[in-house]
Every structure is written in C-alpha cells, then in structure tokens.
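Below is one structure; the comments refer to it alone.
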Amino acid sequence: QVQLVESGGGLVQAGGSLRLSCVASTNIFSVYAMAWYRQAPGEQRELVAHITSGGSTNYKDSVKGRFTISRDNAKNTVYLQMNSLKPEDTAVYYCNGRYSMNNYWGQGTQVTVSS
C-alpha cells in the first residue's frame with residue numbers, strides 16, 4: 001500500500017500563488033504516473049494536471065499557463081505550482097498515483113482563494 005501525503009494548501013488572495021507537494025511512500029516512485037485532482041463543494045472531482053513517468057504533462061484548459069506540475073523522483077515528490085489563482089480554483093486538491101493496476105489517493109489539501 002502506497003501512502004500519498006499532500007501539503008501546501010491554504011488561504012490566498014486572488015492573484016496569489018501556492019505550491020502543493022505530495023510525497024509518496026514507495027521506492028518505485030519513478031514508474032508512477034502522477035496527477036492532481038480537485039473537488040469543489042457540490043461538484044465532481046476533476047483532473048487538474050497529469051505527469052507521466054517520462055515527464056510528459058497535460059492540464060485542464062482553465063489552468064493552462066497558470067499551473068505547473070513537476071516531479072522530483074529523487075524525493076518521491078510531485079508538485080503543483082499554482083500562480084494567478086482565482087476564486088474558482090477554490091477546492092480540495094488531491095494527489096493521485098497510478099502504476100499498473102495500482103491507483104492511490106492522498107487525503108486532500110484545502111485551497112481557498114479569496115476575491
């Protein structure tokens with residue numbers, strides 16, 4: 001069982017920045033595809049950003065140019081740098097890791113953007 005532990009959420013004003021981190025408890029982190037999802041109250045969980053084991057990335061259209069996903073395999077960590085935050089980015093952000101038949105989730109971290 002792999003544990004994913006997120007950190008870095010908080011309250012920020014519109015236009016501000018936050019960096020989320022997710023540390024994975026596995027010694028084969030480099031083979032995992034990693035992603036960040038978010039879920040706002042009353043909404044479905046949605047994919048925000050994804051990074052493959054090879055480092056290829058893709059993003060939800062509304063965050064392109066503002067968010068950057070990256071990974072540091074030496075630290076078993078995936079990051080989400082969020083700039084130019086908007087009130088509509090407010091949600092609980094979840095880290096996800098997938099490899100083969102394995103699919104793991106973190107506990108989530110709250111991001112609140114005030115207007």
Side-chain angles (χ1 to χ4, degrees):
Q1 184 76 8
V2 173
Q3 289 190 328
L4 302 177
V5 180
E6 301 107 331
S7 61
L11 173 64
V12 64
Q13 288 188 333
S17 298
L18 284 173
R19 188 177 80 155
L20 305 182
S21 301
C22 171
V23 181
S25 65
T26 173
N27 57 8
I28 57 167
F29 175 77
S30 63
V31 305
Y32 276 77
M34 302 299 298
W36 287 96
Y37 286 74
R38 69 187 182 188
Q39 187 168 19
E43 302 290 332
Q44 289 189 334
R45 191 171 297 189
E46 62 181 8
L47 176 65
V48 176
H50 178 270
I51 185 167
T52 68
S53 58
S56 297
T57 59
N58 67 281
Y59 299 90
K60 177 180 173 61
D61 283 347
S62 63
V63 309
K64 286 180 180 177
R66 300 189 298 121
F67 291 10
T68 302
I69 188 171
S70 62
R71 63 191 300 158
D72 185 338
N73 291 337
K75 296 183 178 180
N76 286 5
T77 302
V78 62
Y79 303 98
L80 185 68
Q81 178 66 44
M82 304 185 294
N83 299 329
S84 302
L85 282 160
K86 303 176 181 180
E88 51 263 44
D89 295 318
T90 295
V92 178
Y93 283 70
Y94 296 92
C95 178
N96 173 262
R98 297 189 182 189
Y99 170 63
S100 185
M101 300 297 291
N102 302 308
N103 185 26
Y104 300 107
W105 292 93
Q107 81 286 352
T109 185
Q110 177 70 46
V111 171
T112 303
V113 185
S114 63
S115 56

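The analysis underlying the following values was restricted to heavy atoms, covering all of them including side chains, and did not include hydrogens, waters or symmetry mates.
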- Hey, any chance Y79 and V48 share a hydrophobic cluster, counting ILVMFWY side chains that come within less than 4.5 Å of each other, even indirectly? no
- Query: Is there a chain of hydrophobic side chains (I, L, V, M, F, W, Y, each step under 4.5 Å between heavy atoms) that links Y99 to V23?
  - Reply: no
- Item | Within one Ile-Leu-Val-Met-Phe-Trp-Tyr cluster: M82 and L47, side-chain cutoff 4.5 Å | no
- Query: Which pair of heavy atoms, one from E43 and one from Q39, lies closest together, and at what distance?
  - Reply: O-NE2, 3.1 Å
- Message: As an exercise, state the distance from CD1 of I69 to OG of S56, rounded to the nearest 0.5 Å.
- Response: 11.5 Å
- Is any side-chain heavy atom of W36 closer than 4.5 Å to a side-chain heavy atom of N96? no
- Could you give the distance from CZ (R71) to CG (N76), rounded to the nearest 0.5 Å? 9.5 Å
- Check whether the side chains of T90 and E88 place a donor and an acceptor atom closer than 3.5 Å, and report yes or no. no
- Y37 and R45: side chain donor to acceptor below 3.5 Å: no
- Between E6 (side chain) and G108 (backbone), is there a donor-acceptor pair under 3.5 Å? yes
- F29 side, atom CZ; S53 side, atom OG - distance, nearest 0.5 Å: 10.5 Å
- In this structure, OH of Y104 is separated from OH of Y32 (nearest 0.5 Å) by 4.5 Å
- Item | Side chain proximity check, R38 to K60, heavy atoms < 4.5 angstrom | yes
- Message: Hydrophobic clusters here meaning ILVMFWY residues chained together by side-chain heavy-atom distances under 4.5 Å, can you tell me if L4 and V31 are in one?
- Response: yes
- Smallest heavy-atom separation, V78 atom then S70 atom, equals CG2-O, 3.2 Å
- Message: Quick check: do L80 and R19 have side-chain heavy atoms less than 4.5 Å from each other?
- Response: no
- Hey, mind stepping through S114 and V12 against side-chain contact (heavy atoms from CB on, under 4.5 Å) and telling me if it holds? CA-CA 6 Å; S114 63; V12 64; over 6 Å; no
- Message: Testing the basics here: between P87 and S115, what is the closest heavy-atom pair and its distance to 0.1 Å?
- Response: CG-CB, 3.8 Å
- Check against side-chain contact (heavy atoms from CB on, under 4.5 Å), L85 and L18: CA-CA 8 Å; L85 282 160; L18 284 173; 4.2 Å; yes
- Is a side-chain donor or acceptor of S21 paired with a backbone partner of S7 at a separation under 3.5 angstrom? no
- Query: Between T26 and I28, is there a donor-acceptor pair closer than 3.5 Å when you use the side chain of the first and the backbone of the second?
  - Reply: yes
- Salt bridge check: are D61 and K64 linked by an N-O gap of less than 4.0 Å? yes
- Query: What orientation do W105 and Y94 show, parallel under 30°, tilted 30 to 60°, or perpendicular over 60°?
  - Reply: perpendicular
- Look up atom CD in Q107 and atom OG1 in T109, then write down how far apart they are to the nearest 0.5 Å. 7.0 Å
- Query: Less than 4.5 Å apart, any side-chain heavy atom of Q81 and any of F67?
  - Reply: no
- Are a donor atom and an acceptor atom from the side chains of S17 and N83 found within less than 3.5 Å of each other? yes
- Query: Taking side chain as C-beta onward, heavy atoms only, is V111 less than 4.5 Å from L20?
  - Reply: yes
- Look at atom CD of Q110 and say whether more than 12 heavy atoms of other residues, nucleotides or ligands are closer to it than 6.0 Å. yes
- Query: Is any side-chain heavy atom of R66 closer than 4.5 Å to a side-chain heavy atom of Y59?
  - Reply: no
- Message: I need the minimum non-hydrogen distance between H50 and A35, along with the two atoms involved.
- Response: CD2-CB, 4.0 Å
- Rounded to the nearest 0.5 Å, the CD atom of Q13 sits from the OG1 atom of T112 at a distance of 13.0 Å
